[in-house]
Every structure is written in C-alpha cells, then in structure tokens.
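Reading through the structure tokens given below for one structure.
We count residues from 1, following the sequence as given. Indexing begins at 1, ligand by ligand and atom by atom, following the structure's order. Only this structure's heavy atoms are used, side chains among them; waters, hydrogens and symmetry mates stay out.
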Amino acid sequence: MEKSLTVNYQEKPCYDIIFDRSFDGLSGAIKNLGFENRKFAIVTDSNVDKLYSKEVENIISGISGKVIKCVIPAGESNKNLSEIEKIYEQLILEHFDRHDLIIALGGGVVGDMAGYAAATYLRGISFIQIPTTLLAQTDSSIGGKTGVDFKGYKNMIGAFHMPKLVYMNLSTLKSLDERQYISGFAEVMKHGLIKDAEFYTWLIDNLYEICERDIDVLSEMVPRSCDIKRRVVEKDPTEKGDRALLNFGHTLGHAIEKAKNFELMHGECVALGSVAAAYISWKKDMISMEEYYEIRDMFVPFGLPISVEDIDVDEVIKLTKSDKKADSDKIRFILLKKVGKAVTDTTVTDDEMKAALNEILYVENND
Ligand code: NAD
C-alpha cells in the first residue's frame, strides 16, 4: 500500500507526499530524488530518537555516503536558535555541503527546526520531512513554513523552504500518546469544517475507527486531510490570502492557549476557538443555530473540549490583539458560511468575541 500526492509550488510540481505503513519505501524515494551516496543528517528529538531513529538509519544507510544524527531535547521550549546552532555545528564538523540532505524525523517541532536549519545552512540545502505526529502529518510538514520561537514569541524567526519529499509512515501514529493524537485531530476536523463538508461527515461516520487509530481509516483520513492543506497552500504559498483560512479557530484558540499558560494542548485550544468562531458565525446569521450546536457537539465524542474554565474573558480578548496574525489593528477572523466553507471577516467586534467566550466559559453549577 502506498499512496501519494504531489504538491505544486508556483504552479510547478515541487514535492511528493508519500503515505505508507512502514519505512520500507524510504530509501527508494530518497534515491529517486538523486541523493544516493550523499551525506544525510537525521534531525530528531529525544523521544522519537528512541522509537524510530535506529530503523530509519538502518534503512537509509545502504544508500548514503554517511549518516549522522542531531538529537534535540523534546518539547516546544527547545524550538530555539541555540538548538539550531548545535545543528549547524554538527553539519560543519561533518563537512556537509549543498548537495547533502537533512532529514526531519519527528513532530512539528522537529520539522520546523530541521527545515529552518536546511533553509539557512549554506544559504539553503535540501531537506525531507518524515512527520510522526498527527499534527505534523496533516499540517506542519506541508507548505514549507519553517522556523523557531524567539524570546517567548512563537515562530518569530523563520523562512519558507520547501521540502524535497514528505514521507509518512502512518504506523508511527500508534505510539503517540492519546492527548497528543486527539490534539492533532482537531486540525483534521478544522480542515473538514473550512473546506470539505463531505470529509467532515466522513470523519463523524468513522469516529470509532479514528479514535482506535485503525490503520485502514488513517490511510484514508491522513491523505484526505493533507489534500485539503495542499490545495490551500498551493493557492497561497506565502500566506497572503487564502492560507489565512487555516487559522479557523486559531484567533481565540491561540489567545486561550496563552491565557491558560500553555496548560492546554494546541489542538484543544483550536477546538475551543472553533466553537467560539462557529458561535460568532451563528450570531452573524451566517450559519443556523442547529448548525452551530451540531458543530460544537461533534468535538465531544472525539475527546476535544467545548468549554474551558478559569479564563478572564477580557484578558483573552487583549491577547487576540497581540497575535501576529492580527492585521494591523483589525483582526482577520475566520468564520463559517456553512460546514465546508470558511470566509475571512474583519468586522468581528470585541463584544462579539466576548459573547463567544462567555458561551464556552465553563461555570461550575453550585446548586
Ligand atoms: P511536537 O513536535 O513537540 O511533538 C509532540 C510530542 O510527541 C513530542 O514530545 C515528541 O517527542 C512526541 N512524538 C513525536 N512523534 C511521536 C510518535 N510517533 N510516538 C510517540 N511520541 C512522538 O509537537 P507537534 O504537535 O507535532 O508540533 C507542534 C509544532 O508544530 C509547534 O511548534 C508549531 O508551531 C508547529 N507547527 C508548524 C506548522 C507549519 O506550517 N510549519 C503548522 C502547525 C504547527
């Protein structure tokens, strides 16, 4: 079983996304790119290293000149320039040149960092992505956005740098912890909500299998979700227009994430932000009340939250203004016209956001 998609960049085929259930096809795919006998640097994190590095190393060592490994300590707090420096140091020490290859093996943190190192080392060398989280497979490995956090600002330093290949071994999703997997799933739901009503319904129909991580269902879900992201990034590769639709649920979601001091997972905040955005869409007569409640309630069986406690609504609204996606002082909110159709809206007021946040605010009933 092997499926693939081709992603265009500036209207030309740029890289393939290969969906597989093992790493077996990896060396053939790298060979096809013309990197045989070149040096490979596997960039991974301390968790993924223990799980998959050895296997990947064994598979690719047959076609490489030399394989080295750069291991970043796991976690967002290490997505910074000093860890990037350590990667540069290893590459220099091992005499990597422009014809060699960086291989990102891990979640979105590893993909963004390895991609950024590849974008900047010697003014740019090639890299491929081997994403191992649901978020990385369906979202961050596609589209060429790379970067690191800087002095508390998320993804503040970065570059657009397209991978040469995205290779997914869907079986790696089996070892992800439950909360991590479900958090990634929030972005899959989002893809359906903003662009593809049929896919959204399919997700709901396959609830049980998705939660069980049934490999046959994952083999359909991940490529369909990637195809939605592919279509969006192809239309707007450098985030000037349509790509903003991917921020559905993120304006209030990011603000809640910060207000809760990153105690909640990103995808959980995206679910909360999506419920709030759907509520605003209802209040603006873009969707019906029934549609709003249906959208809200469908997050629940997947284990995603639809309410949050202990947030200061005014503080959350303030935090939306410091989101770097805010367009000068106007917030580019993403709302729904219906399931499967998102639109940009710059007219959302603080009062509308406040009402939406009060809707998702969980208040304990003391009766
Ligand atoms: P992550 O990379 O931190 O991975 C989450 C955790 O899962 C880590 O502890 C990791 O070690 C572990 N892990 C990874 N794969 C595993 C596996 N198969 N089995 C067991 N454990 C595994 O987090 P993430 O959610 O994958 O990515 C989040 C990052 O992605 C953020 O930094 C975010 O800014 C970035 N992002 C980038 C884009 C983009 O377009 N470039 C888009 C969305 C998010």
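Near ligand 1, residues Asp45, Asn47, Val48, Leu51, Tyr52, Ala74, Glu76, Lys79, Gly107, Gly108, Val109, Asp112, Thr132, Thr133, Leu135, Asp139, Ser140, Lys145, Lys154, Asn155, Thr172, Ser175, Leu176, Gln180, Lys229 come within 4.0 angstrom through at least one heavy atom.
With sequence neighbours excluded, the residues that form a ring pair (Phe, Tyr, Trp, His ring centres under 6.0 Å) with His266 are His250, His254. Taking the salt bridge (charged side-chain N to carboxylate O under 4.0 Å, His left out) definition, one finds that Glu83 meets it with Lys86, sequence neighbours left out. Residues passing the ring pair (Phe, Tyr, Trp, His ring centres under 6.0 Å) test with Phe333: none are found, sequence neighbours excluded.
Between Tyr279 and Tyr292, the ring planes lie perpendicular to each other; the angle is over 60°, past the 30° to 60° tilted range. Below 30°, between 30° and 60°, or above 60°: for Trp202 and Phe199 the angle between ring planes is below 30°, a parallel geometry.
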**Q.** Worked check of salt bridge (Lys or Arg N to Asp or Glu O under 4.0 Å) between Asp227 and Arg230
**A.** CA-CA 5 Å; Asp227 200 36; Arg230 177 192 66 79; 2.6 Å; yes
